[in-house]
Amino acid sequence: MINLILFGPPGSGKGTQAERLVDQYNLVHISTGDLFRYEMGNNTPLGIQAKSFIARGELVPDEITIGMLRNKVEAHPDANGFIFDGFPRTIRQAEALDHLMNEEGTSIHALIALQVDDDEIIQRIKLRGATSGRSDDSDEGIIRNRLDVYKKETTPVFDYYAGQGKSHLVEGTGSIDAIFDRLCAAINALHAGL
Ligand code: ADP
C-alpha cells in the first residue's frame, strides 16, 4: 500500500496532478475540496454547514472535515493506497489521519509539497475562477485569505510530517507534464525505499 499526501497552496495544481497519479499508481483519490463541493451542490446538511466557511475562504471546522474524510476512507477497504489532496490542512487533521491510518493497519508514507509562489497562485486561481464557477476563486480578497489561512494553519502540517522524515518538496511550476515527471521521480524513489 502507498498512502500519499499531495500538499501545496490553493491553486498549486494538486487536483490536476492527483488525477494523473491515480492512474499511474492505481490509488484512490480523496479531495476534501471536491467532497465539499459535491455536498454543497446537493444541498446536504454537510454541504449547508460547510458553505459559509468556504465562501469566506476559511477552513471548515475540523470535526466536520475529519468525519467526512473517515467515511470516505472506510468506503474503500480494498484500496491499493490513497492520495489525499487538500487534507490534512491542520495539525489536528494530521493527527486524526495518522490515527485513522493506524486503525486501518497502515500509515502515511510521504507528504509531497508542490512549491509555487504567491503571484503565480493568484494569477492561476483568477484564471480558473473565470471558468470553474467557484465563488471562492473570483474575488482577490477571498483568494488572499485562503493563502493567509494556508500559511498560518496549513504550513505547520509540512513540519509535522517533516518531523517524521516524510516531507518532500517538488517544484510546482512549468508544464503539467514536467511537474508530473518530478512527482513520479519523487514517488519512485520513495517506493524503492519502502
Ligand atoms: P484549494 O484550491 O483552495 O486548495 P480545495 O478545493 O482543496 O481548494 O478546497 C476548497 C475549500 O474547501 C477550502 O478553501 C476550505 O474552505 C474547504 N476545505 C477543503 N479541504 C479542507 C480541509 N481539509 N479542512 C477544512 N476545510 C477544507
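We count ligands from 1, going down the list as the structure has it; atoms in each ligand are counted the same way. What you see below is based on every heavy atom in this structure, not just the backbone, and it leaves out hydrogens, waters and symmetry mates. This structure is a prediction, so every number in the text was calculated from the model and none was measured.
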Heavy-atom check, side chain of L147 versus side chain of D118, under 4.5 Å: yes
salt_bridge(D23, R20) N-O dist < 4.0 Å: no
Parallel, tilted or perpendicular, as decided by the 30° and 60° cut-offs, for the rings of F82 and H76: perpendicular
Any residue meeting side chain to side chain donor-acceptor pair (under 3.5 Å) with R70, in chain and number order, not counting sequence neighbours: E74, E103
Proximity to ligand 1 by part of R128, non-hydrogen separation under 4.0 Å: side chain
Protein heavy-atom partner closest to atom 17 (C) of ligand 1 - residue, atom, separation in Å: I54 CG1, 3.8 Å
Side-chain H-bond candidate by donor/acceptor type, D98 with S107, under 3.5 Å: no
Short N or O distance, D85 and ligand 1, threshold 3.5 Å exclusive: no
Per-atom contacts, ligand 1 versus Q93 - under 4.0 Å to a heavy atom: 22 (C), 23 (N), 24 (N), 25 (C)
R146-ligand 1 polar pair, N/O distance under 3.5 Å: yes
Hydrophobic cluster membership, Y150 vs Y160, 4.5 Å side-chain cutoff: yes
Atom 27 (C) of ligand 1: the protein heavy-atom neighbour that sits closest, reported with distance to 0.1 Å: F36 CE1, 3.7 Å
Protein contact to atom 20 (N) of ligand 1 [nearest heavy atom, distance to 0.1 Å]: T32 OG1, 2.7 Å
Non-hydrogen side-chain atoms of I48 and K51 separated by less than 4.5 Å: no
Location of contacts on T65 toward ligand 1, heavy atoms closer than 4.0 Å: side chain
Atom indices of ligand 1 within 4.0 angstrom of P10 heavy atoms, with elements: 1 (P), 2 (O), 3 (O), 4 (O)
Numbered atoms and elements of ligand 1 in range of G11, under 4.0 angstrom, heavy atoms: 2 (O)
Within-cut-off N or O pair, P88 and ligand 1, under 3.5 Å: no
Geometric N/O contact D34 with ligand 1, under 3.5 angstrom: no
Region of R56 that comes within reach of ligand 1 [heavy atoms, distance under 4.0 Å]: neither
Polar side chain donor-acceptor pair, T44 to E39, under 3.5 angstrom: yes
Atoms in ligand 1 flagged as close to R37, the criterion being non-hydrogen separation under 4.0 Å: 6 (O), 10 (C)
Residues E63, R92: salt bridge by 4.0 Å N-O rule: yes
Minimum-distance protein heavy atom relative to atom 8 (O) of ligand 1: R134 NH2, 3.4 Å
Proximal atoms of ligand 1 relative to K14 (non-hydrogen, under 4.0 Å): 4 (O)
Close approach of G57 to ligand 1, heavy atoms, under 4.0 angstrom: no
Test: R89 and E153 ion pair at under 4.0 Å: no
Pair D177 + R182, salt bridge at N-O below 4.0 Å: no
Side-chain heavy-atom pair E171, I179 within 4.5 angstrom cut-off: no
Check: F87 N/O within less than 3.5 Å of ligand 1 N/O: no
Nearest-neighbour protein heavy atom for atom 13 (C) of ligand 1, which is reported as residue plus atom name and distance: R89 NH2, 3.8 Å
Contacting atoms of ligand 1, where contact means under 4.0 angstrom from a heavy atom of E58: 15 (C), 16 (O)
Closest approach of any protein heavy atom to atom 26 (N) of ligand 1, naming residue and atom: V60 N, 3.0 Å
Any donor-acceptor N or O pair under 3.5 Å, side chains D85, Q17: no
